[in-house]
Amino acid sequence: MPFNFKRKSMVRSHAKIIAFVLTLTLLSGCRYLRYVPEDQYLLKKVTVKSDKVFDDETNLLSYVHQSPNNYFMGIGRMKLAMYSASDTSKHTTWQNWLRKIGEPPVIYDSTKRADSEEELRKVMFNKGYLSTEVTSDTTIKNRQVSVTYHVKANKPHLIRHYVISLPDTGALNFVRMMSRKEKTPKLGDLLDADKLNAERERVAKHLRNNGYYNFTKELLFFAVDSSCGQNMVDVEMQLQPSFAENDSALAVIFSKPKITNVTIMSLNDNQYDNIRNLHLDTMRYKDFIFVCNKEDNKFRPKAIIEKICFNPGDIYRDFLVTRTYDLLNSMPAVKYVNIIFSPADGGNLKCFIIVSPNKPHTLDAQLDLTYSDDEIGVMPGLGYSNNNIFHGSEILKVNVKGGWEGVGKISQMLNTWKIGENISLTFPKLLLPIKDENRRMKVGQTEIALSSNHEDKRDYERTIFSGAFKYHWTRRRIQYSWSVLDLSFIKMGDISDEFAAKYLIPESSVRFSYEDNFIMRMGMTIGYTNRRNQQSDMTYFTIRAGVKIAGNLIYGISNMVRQKKNSDGQYEIFGIPYSQFTKVDFDYAHNIRLHDNVRLVCHAGLGVAVPYGNSTIMPYEERYFSGGANSTRGWASRSLGPGFYDLIDKHDFMNQSGDVKLDLNMELRARAFWKLEFAAFLDAGNIWTIKDYEQQPGGAFRFDQFYKQLGVDYGFGIRLNFDFLVVRLDLGVKIYDPSRHEDERVRSNPKWSEDCALHFAIGYPF
């Protein structure tokens, strides 16, 4: 991007904001030693230096028994500063709160230093470095101690041969077959205790999945022969000798019991203690026994049994039990599930499945408040849901929401009154027109939804009626959402003469977005993340991609029957034009762990929408906007672009929409203390039109121009992270504004009223 400006002036202007934030952080470093006794030392820093770096996620520092106080972004110990700022002799609410969110000083303990050395030796021993040497030294300055641990790994012990020995031929052949398909210990691998334990778990898992119900990993051990020399060992996995020499024990361990019967009990939690006084009803369905309270049955037997992945008479398989847990727990009407197996005649098993129902009715009130530099809104809502309306965990939701939204400066604010109603019915399975014998193996839902939304703006009224039929399912951590049919009917109401004269004239390129319209679309969205645990603090990424197609089927029929076009050259259905387009969206976020409390999140979002056939422009509801709390935060919502679009009317939001959108974001997030987090971010992005439209000059996408049209901003944020809810306040400052004249685009002296935007939002931006 060819910037032409005075560097010193720009750096000086923007540095004021950065310096303010850093000053607050540095000031937190005062009075660290206030509560450190005179004859003791504050632990300042702990370092582990090793001549061996592991390829896996092993962090030697995590095994040290004493760690210093938490550092905020490696600059200051804010939690310690908060604690030190309190007066321990006082117990007021304020003083107690400071101590609660703060952290007392970590006093150096020489005994824990010795314990840490021993712990590091054990860790290295378990990793295969049996002769590791660990030493440590300290540096004392200003009553603060820095400890450095030196780990000398020396030569590791490696595996020369690895074999599996089991006394049962069938089980042994099966394990060997599975071992050929998976990664197992091999020549040259470290004698790593963690990996060998994982190998025990792998073998036990496969055997239990193949019917060996009584087999557990504790039955296995490793015999290690170190007589090979040259730090090489032979490893053999064996059955524990006490069992291997007991024929009766072997008969039980290597048996494959069958599930003789399955009994399902559906009772409320408080009914089990009074079960003798209940009028129980016992029903049979496909060899299953279903027991419930006759006077208060919450489930149809078929709805529960469809989620059970094994049948009476089947051999026990562990993965089918796990899958049954997943499917039953995925039902909103189920509070919890417990599956119990007990011995039956002939060494077989009886199964009892306890399904506890949830409360079916939920009533909730909502209040959405939105605020940024040029946008404010108040949207109260009321919702009702029934998560078991047909006694099969079907979810009925009814929501009503309405309120006011204002966009623009107070003197020129565009006021909008909105009201919307939504009703949806979700079934806990895929309602397919064909018989699917494996549908129980998928967590799926079918959704049917109807809605209406009415907008009363200063210049026009618009009502949108919608209906949709969708499938949602998950397979191998990939989430799918298939919109089989999604219909929208847009009906325009009263339109002001001023608006009509500006946007609805024949030569207007956007007028089709403000006329009656019909949209029949279908689409698919796919999402994936490699994050296995929601509490995980490791590096992970998330990908989401979607495609929508509208109008092709109707257009093909219109062509086939040679339907007559209207005066604008469009086919109509039910007397109104319909839209035809393809829209593709892609979103990627990479969450990188830099430190225990510091993360770097990189995000890229791209969207492209192409109108064709029966449409010359995308429907307004399907166009893109730029700016706002989740986009380029130096701009108010819907106030950037398209392209070099130079605004004459600073609030011409009708024309500030496009067909192509690009968002590039980088955000550094750091948890300070208590629930408080800080963030620093850099954003770039814009929107463009796919074609040259007369009323959006400079807005068309060009490969040789688009990078010069990216709006760029930086900013800082304050967040309150309550785990279940994140409340954030972000301040964005423009660096480069493509909507201005060329000599004013670089904002070397940002003005609060023109170049800054404050955003209050719920949740992270990406």
Side-chain angles (χ1 to χ4, degrees), residues 170-171 174 201 204-219 249 251-276 278 280-294 296-358 388 391-393 428-429 437-444:
F174 175 74
E201 293 178 350
K205 174 185 174 182
H206 284 312
L207 288 174
R208 287 180 62 83
N209 284 341
N210 196 45
Y212 296 95
Y213 169 78
N214 297 300
F215 201 97
T216 64
K217 70 173 185 177
E218 287 74 22
L219 295 172
V252 174
I253 291 172
F254 292 103
S255 66
K256 289 187 175 182
K258 290 184 177 181
I259 303 170
T260 57
N261 55 63
V262 180
T263 302
I264 304 159
M265 297 193 68
S266 173
L267 299 174
N268 292 323
D269 291 348
N270 58 357
Q271 292 177 335
Y272 287 99
D273 295 334
N274 194 34
I275 194 169
R276 292 184 178 180
L278 297 177
L280 297 180
D281 189 12
T282 301
M283 296 172 278
R284 282 191 171 270
Y285 182 85
K286 291 186 176 181
D287 297 327
F288 291 85
I289 301 171
F290 189 86
V291 180
C292 63
N293 182 6
K294 190 172 185 179
D296 186 27
N297 181 22
K298 294 293 194 302
F299 295 108
R300 288 180 285 110
K302 180 182 177 181
I304 299 297
I305 292 169
E306 281 183 337
K307 301 294 183 181
I308 300 174
C309 299
F310 50 85
N311 297 298
D314 288 351
I315 293 175
Y316 173 91
R317 298 182 188 275
D318 216 27
F319 76 96
L320 294 178
V321 178
T322 301
R323 193 61 173 162
T324 299
Y325 267 115
D326 291 341
L327 291 174
L328 289 174
N329 283 319
S330 71
M331 300 174 70
V334 174
K335 185 177 181 180
Y336 69 83
V337 177
N338 192 14
I339 303 177
I340 303 168
F341 289 91
S342 60
D345 295 339
N348 292 313
L349 299 170
K350 294 184 293 185
C351 177
F352 295 90
I353 301 178
I354 298 173
V355 180
S356 178
N358 242 332
N388 198 26
H391 299 285
S393 201
K429 60 181 179 180
E437 295 296 338
N438 295 319
R439 66 183 184 276
R440 296 186 308 185
M441 303 301 291
K442 304 183 183 72
V443 177

Evaluate the side-chain proximity of I289 to V291: yes if any heavy-atom separation is below 4.5 Å, no if none is.
yes

Is the side chain of D326 donor-acceptor paired with the backbone N or O of S330 at a distance under 3.5 Å, no angle test?
no

Side-chain contact, heavy-atom cut-off 4.5 Å: M331 with N388?
no

Just by distance, do the side chain of N348 and the backbone of T260 share a donor-acceptor pair under 3.5 Å?
no

Any side-chain heavy-atom pair from I339 and F352 closer than 4.5 angstrom?
no

Report yes if some heavy atom in the side chain of I264 is under 4.5 Å from a heavy atom in the side chain of I305; otherwise report no.
yes

Check: N311 and F288 side chains under 4.5 Å, non-hydrogen atoms:
yes

Closest non-hydrogen atoms of G392 and A303, given as atom of the first, atom of the second and distance, are CA-CB, 3.5 Å

Say whether, by atom type as modelled, one donor and one acceptor occur between the side chain of N329 and the main chain of Y325 under 3.5 angstrom.
yes

If we ignore hydrogens and angles and just use 3.5 Å, is the side chain of T324 paired with the main-chain N or O of C309 as donor and acceptor?
yes

Any donor-acceptor pair under 3.5 Å from H391 side chain to R300 backbone
no

Residue from K258, R208, K256 passing side-chain hydrogen bond (donor to acceptor under 3.5 Å, both in side chains) with Y316
R208

Close side-chain approach of S255 to N214, heavy-atom, < 4.5 Å
yes

S356 side chain to N268 main-chain N or O, any donor-acceptor pair under 3.5 Å?
no

Mind listing the closest non-hydrogen atom pair of G347 and P257 along with its distance?
O-CB, 3.2 Å

For residues 283-292, the side-chain hydrogen bond (donor to acceptor under 3.5 Å, both in side chains) pairs (sequence neighbours left out) are none

Using a strict threshold of under 4.0 Å (side-chain N to carboxylate O), is an ion pair present between D281 and K294?
no

Kindly check if the number of other-residue, nucleotide or ligand heavy atoms within 6.0 Å of NZ (K205) is above 12?
no

Determine the minimum heavy-atom distance between I308 and I353, stating which atoms define it.
CD1-CD1, 3.7 Å

Atom pair OH/CD1 of Y336 and I354 - distance to nearest 0.5 Å
6.5 Å

